[in-house]
2 protein chains.
Amino acid sequence: MQKLPTVVARMWGREPVSRRGPRPGLTLDRITDAAIEIADAEGLAGVRMSSVAARLGVSTMSLYGYVASKDELLTAMVDAAAPDPPEPGTLPWREYLSVWTRANRDFLACHLWLLEVSPLTPPTGPRTLRWLDRALTVLTGAGLTAAEAINITSTLSAYAASSATLLSAMSGTVDETGPEGLAGYTALLTQLVDAGTYPGLAAALESGAFGAAPDWVEDADFTFGLTLLLDGIEALITRRRKG
Amino acid sequence: MQKLPTVVARMWGREPVSRRGPRPGLTLDRITDAAIEIADAEGLAGVRMSSVAARLGVSTMSLYGYVASKDELLTAMVDAAAPDPPEPGTLPWREYLSVWTRANRDFLACHLWLLEVSPLTPPTGPRTLRWLDRALTVLTGAGLTAAEAINITSTLSAYAASSATLLSAMSGTVDETGPEGLAGYTALLTQLVDAGTYPGLAAALESGAFGAAPDWVEDADFTFGLTLLLDGIEALITRRRKG
DNA sequence: GCGCTTCTCCGTACAAGATACACTGTATTG
DNA sequence: CAATACAGTGTATCTTGTACGGAGAAGCGC
């Protein structure tokens, strides 16, 4: 029973209760909320210890009473930004996972900065773990082993993330490798790619498949890929039930 | 026909040729090689403009003749770190995509820092684009539209990345949210998760599914998930051929 | 009620790291 | 030989995260 990292303890409401001294004037929640607002508005780069503190009207250093480092702040932000996952209720597994994955992608799309932070950090907060839990529950409920369920869950998350990444690339809020977004990107590729060495790419560019992607098309794309995944899972589950 | 960003031009061998003045003493390649060696050895945090320059025996500022910013250096590193993709040859699409995805995961696993850099940057270098191209070629060759092929390719990449991420989480080189790696992570979860609010997770923890994952198991997991994906794709291709 | 303790929050100081700028010297060109 | 364009350098600056020590508030024991 080792000591929890500061921020983990606080995320789980396990901060040490103490009666002495002045009342804490802040909460981890208020801090993450402020940080998230900044990240949503200005991107992750706008999140500085100083900017977050300024928004709360406190000094930079006071934040360090709640998080041990900026990294910990980011960890806390990730968890705080996650909404509650959809509840399985009586939904059949396939419906539920479909809803789950879509909701997952949707909140990533609302907070694109999550894509820059979360990928490497395994979930440690109550909310992110709730997402994980619901998917596992449903999958094991459908007859899969825990190991399989974990694997599938992480694949679905990855799919949600990749889809959100595509969305972000389209919207143009990318790292500005050209003028902006998709348009600039395709322009760049057209300039660089020759049909000799990159036949498939050149063909795709000509066909315009890169260009066209308003919202509804992207949504169709999302459903398309999701169906692929769910089909695969379904095949497995059926196999398991027979075996 | 807009101007290419410095680094993109150089990655494609389009640097402006000039006869005047001293010969350039460096190459983008030598720079990225040095940077990659550092990243492999010390992680991405070890890559500083100064450390890269030091390794090459030049001054920090001389690098700026080759890349416009550290970000551009990272971009160039991503491309330089990618090996040549496997060539389709006469392989049937399913075999090829299987090899492709596995190779993709393998080189991510060799350069874990790629996971921290690449996710948001769409590919712009000759090598990364070659990977994209080969997958597109094979998929359109199997009868899919360019749009479908793009979608599938990005899903497979995402899967490779997610799998590499899992590997890295196991190996313990993660962001140290606990003592280290998987062991610490499961310990942490066990401490936090109660079966009431996190039934699925608690069950998975008890079953030990989180714990056991030596190399061969992980490889089995990888194949397992990949099969799921390929099955889904196969269903689609068959449908297309009939329709 | 008084001093001690134990907090929270703050101001200042420092360090790391990216990058702007102006300079030096060199190889090519006329 | 003079002019030019350009590679590489040194220094200065600016931005940020974070260590440290201090000041005051709130509870605690006498």
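Here is the naming used below: chain letters follow the sequence lines, and residue numbers restart at 1 for every chain. Computed from a predicted structure; not experimentally measured.
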With sequence neighbours excluded, tell me which residues meet salt bridge (charged side-chain N to carboxylate O under 4.0 Å, His left out) with B:E37.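 B:E37 satisfies salt bridge (charged side-chain N to carboxylate O under 4.0 Å, His left out) with B:R55 once adjacent residues are dropped.
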The salt bridge (charged side-chain N to carboxylate O under 4.0 Å, His left out) partners of B:R102 (sequence neighbours excluded) come to B:D219
Closest to side chain of A:P24, choosing from C:dT8, C:dT26, C:dC10: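 Among C:dT8, C:dT26, C:dC10, the one nearest the side chain of A:P24 is C:dT8.
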Counting side-chain heavy atoms from C-beta on, which of C:dG25, C:dT28, C:dA20 comes nearest to B:M61?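 My answer, after comparing the listed nucleotides, is C:dA20.
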Residue pair B:R23/A:V47 against DNA chain D: nearer the 5' end by closest nucleotide is B:R23
Start at the 5' end of DNA chain D and walk down; is the nucleotide closest to A:M49 or to B:Y66 reached first?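 So the residue in question is B:Y66.
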Using a 4.0 Å heavy-atom cut-off, does B:G25 contact any base of the nucleic acid, only the sugar-phosphate backbone, or nothing at all?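 Sugar-phosphate contact only.
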Any base atoms under 4.0 Å from A:S69, or only sugar-phosphate, or nothing? Heavy atoms, all strands. sugar-phosphate
Enter the distance from [X]:[atom1] to [Y]:[atom2] here, rounded to the nearest 0.5 Å.
X	Y	atom1	atom2	answer
B:T190	B:L205	OG1	CG	5.0 Å
A:M11	A:D29	CE	CG	11.0 Å
A:M77	A:K70	CE	NZ	9.0 Å

Can you check whether B:Y159 and B:F222 have ring centres sitting under 6.0 Å from each other?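 Yes, they do, as the ring centres are separated by less than 6.0 Å.
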Looking at A:S62, I'd like to know whether one of its side-chain N or O atoms comes within less than 4.0 Å of OP1 or OP2 on C:dC9.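 For C:dC9, OP1/OP2 do not have a side-chain N/O of A:S62 under 4.0 Å.
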Intermediate values then yes/no, side-chain contact (heavy atoms from CB on, under 4.5 Å), A:L129 and B:L189: CA-CA 9 Å; A:L129 283 177; B:L189 290 193; 3.6 Å; yes
Between B:A68 and B:P22, which residue's closest nucleotide on DNA chain C lies nearer the 5′ terminus?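 Result: B:A68.
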Interatomic distance, [X] [atom1] vs [N] [atom2] [rounded to whole Å]:
X	N	atom1	atom2	result
B:K70	C:dT19	NZ	P	8 Å
B:R20	C:dT28	CZ	P	11 Å
A:I31	C:dT8	CD1	P	12 Å
A:R48	C:dA18	CZ	P	17 Å
A:L63	C:dC10	CG	C1'	12 Å
A:Y64	C:dG11	OH	P	16 Å

Opening and closing nucleotides of DNA chain D in contact with chain A, under 4.0 Å to non-hydrogen atoms: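 The contacted stretch runs from D:dT16 to D:dC28.
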